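The next block holds one structure in the form of structure tokens; read it before the comments.
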Amino acid sequence: MSSDEKQVAPRSLAEALRAKDDGSLAALLRARPDLITPVPTDLTQLATRAGTRASVIRALERLDRFTLQTAEALAVAPEPADRGTLLALLAGDENDPAVVGAFPHALAALREQALVWGPDDRLRLVRTARELLAPSPQHPSPTGLGPTVAEATSGMSPGRIQEIVTAAGLPTTHDAVSAVASLTGLFTDRARMADLLAAAPPDSLDVLSRLVWGPPYGQVTADPASRLRWLLDRGLLLPTAPGTVVLPREVALHLRAGRAHRDTEPLPPAVEPAATHRPQVVDTTAAGQAYTSLATIEELLKDWDEGGPTVLRAGGLSVRDLKRTAVALDVPEPVAAFWVELAYAAGLLASDGEADERYAATPAYDEWLELPAAARWTRLATAWLSATRTAGVIGGRDTKERTLAALGPGLDRSAAPEVRHRVLTLLAALPEGASASPDALVARLHWERALRGAASSDDLRARLARWTLSEAESLGITGRGALSAHGRALIGAESSAPAPETETASGPGDKLPVHHHRHHPAPPPQPRSPAELASAAARAGKLLAPLLPEPLDHVLLQADLTAVAPGPLQRPLADTLDVLADVESKGGATVYRFTPGSVRRALDAGRSASDLHAFLSEHSRTPVPQPLTYLIDDVARRHGHLRIGSASAYVRCDDDAVLNEIIADKRSQGLRLRRLAPTVLAAQADPSTLLEGLRAMGFAPAAESAEGDVLITRAHAHRTPPRTAPEPVPDGPPSPDTTLLGAAIRAIRAGDLASTTPHKPTAAAPGRNGTLPRTTSAETLATMQAAVLTGDTLWIGYVNAEGSASQRVIAPIKVEGGFVTAYDHTADEVRTYPLHRVTGVAELADEQA
């Protein structure tokens, strides 16, 4: 390295950031958006924030496994380390070609995220990252390495160090520092170390083999065995505390053939097709599931149409209500919880906010029902993709050991949208019609976010991935485990060509550029604009619409008082049939059964017998069976024969024999009836109780108003006030858009200019370059007025109305009325400042003006 190169080498992270261009700064801020929340005043503050523990941990959590291993290797390398040393720690003596190919991108990624800085011959890991990743007794390194010889012998007596040097066959030195350096030189010299270990007893080598991959610490007695004594005498094991020894890092690296990790993973695990189906089969299967999802949401909210379950005091559904919902939908409870949460995420379901708070459909549900089926599905699918509320955790426990309830608090998992998008993207990278093994997907996710995924399959990201696969299948985004065509369109991955990162190595002959390209970690999904989301949803809807069954306008009536709907029915037909008949079975064809109770329900809703006959004749492809005609006529003939009103309640009937029959029936005793007239009975029960009681006795009474008119009872659709869908809880600050990035970089650059630009010495502070002087009001005014005439740029100190002090570089334009109007280089705009808030002013040095 030349002397000129040495002079330009950055001495701190702030200097390294100052040398970056705007594109590199934009990449840093996009990868670590927490650094501009709020926008730093200058690059020094940006560097400070980039080194805070919380920010560094967040950055490390977003590294893939190999990039993280590169950072871990740098944490155990000498500081500063050169590029060759770092690569040797990863590739080992074998110089693994896959590692060599992936290394440049991993190092570039660490530089891009400001976790590593410095030129290639002086690489430095950010101090906080080194503290987190370097070995220590309290926090073992992921590499399994221990302290260096110098660190392990720091508290050892000089005499003992000289004894170790002599036993290792090295000449004695005049001081402990040179003795440690001599011992370190021996342990890092492969040839001399091989000779030393060749003379070791086999039992001693066995001890080293047990410590070599970590943990490097072991226990010894006050009188160690001979195999341990041989190692301790030569410094191959060093004491760290009474009864504890450690394997020095240099010795471990020699035994590991130079590798910092036991298993270096430069390439992501391949996601191979587990099964392959014809794309048409996948699309039709997914379309069938999509239509089922619409029917399930409709059935759920229809069941809650007159007011759903009550809201728990702590929020959410009770376990009993969830079980009832699961029975009503004929699905397991976890699946019912998913549908409930999906309706809530789509804004179709909410609490009504009444004193006796209940869940009910929102007004948006009625609007949703009027949409075409494909548009209704895209509304559900897009809500699911972006939702952070996670149905899979329902039934678990929160940090306070409280049970997590459906629709209750504590269900947000910020990583859910990213995991869903990534799982679907991996499926999209497979050939059309191919599905993947859940284990392969989980392994890939673990590699891409190494710190966030534990080794077990029970960590959150693994569970999110498995829930994503089952939920996407239920929703119709996938079919038979493979991503459908409309699913690809929904996530913006309509191309059927496999992505380069999914190419698998076929053997040692794979070209290195392929390895390098495959190493690129999956970037976090960039937020799409509302227009992009709407466009993707529209494309998905267009692909799905032809696959959905057309609603039918007819049913098949059968002689056993049933009607078969061979497919989905048009809404008016389905709504009327739901009132006139009871659903007996569901599936590809829905079977409805007509009963006296269901026919009476239709009559109570204001339909006449002639209306029902006409409706069935119009919508049946088969003749109306005679038993069904007789059933309708018989119920209609008896319907309204009895009249019930409020006295508390009364029953009137022109046929006194019917009233005699009612009074004689033992089942009427609870109604406490008495005769007021030959055709009138009075009851102490309220009208609704009396109505239900007589119906239970087999009669078909009709309610009447105070004027004697028959009351028509229609189902009352209870709706909440207008509600908005729950907002997703982001996983940290959102990724900034291009406009925000540009503005932030300009502000940081301008602030850095204000804090680092040299200025001329003044009388108030002669010769003090770099420190803003404090000037009097008169000096400030005079300097400002002079700058207006000369066009000079000034460096000022300014205190805003909140008392926050800052430094700015301004070009004064006008001074009047106690204010200065100037172009502020810091804010990149013209601003007006009160002169009394300017604490000091100085002219810039000539070479910077």
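It should be emphasised that the depicted structure is a prediction, and the values quoted were computed from it without experimental measurement.
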Counting distance only, does the side-chain N/O of [X] pair as donor-acceptor with the main-chain N or O of [Y] below 3.5 Å?
X    : Y    : answer
T378 : A375 : yes
T562 : Q558 : no
T362 : A360 : no
R607 : V599 : no
S668 : A664 : no
T595 : S598 : yes
R413 : G410 : yes
S535 : E532 : no
H486 : K542 : no

Tell me the closest heavy-atom pair linking [X] and [Y], and the distance in Å.
X    : Y    : value
A346 : A725 : C-CB, 4.2 Å
A683 : L690 : CB-CD2, 4.1 Å
T478 : A286 : O-CB, 3.6 Å
R695 : P701 : CG-CD, 3.7 Å
L673 : I662 : CD1-CG2, 3.5 Å

Any side-chain heavy-atom pair from [X] and [Y] closer than 4.5 angstrom?
X    : Y    : answer
L659 : I663 : no
E341 : W384 : no
L580 : F615 : yes
I477 : W377 : yes

Counting only heavy atoms not in D575, do more than 12 sit closer than 6.0 Å to its CG atom?
yes
Go through the steps for D439 and R466 under the test salt bridge (charged side-chain N to carboxylate O under 4.0 Å, His left out), then give the verdict.
CA-CA 9 Å; D439 291 338; R466 297 179 191 278; 2.8 Å; yes
Taking [X] first and then [Y], would you say they form a salt bridge - that is, a charged N and a carboxylate O separated by under 4.0 Å?
X    : Y    : answer
D352 : R723 : no
R379 : E367 : no
R601 : D582 : yes

Could you walk me through whether L694 and M697 satisfy the side-chain contact (heavy atoms from CB on, under 4.5 Å) test, starting with their C-alpha distance in whole Å, then the side-chain angles of each, then the deciding distance to 0.1 Å, before giving a yes or no?
CA-CA 5 Å; L694 293 180; M697 293 165 60; 4.0 Å; yes
The side-chain contact (heavy atoms from CB on, under 4.5 Å) partner of I297 among L329, L349, L348, L369 is L348
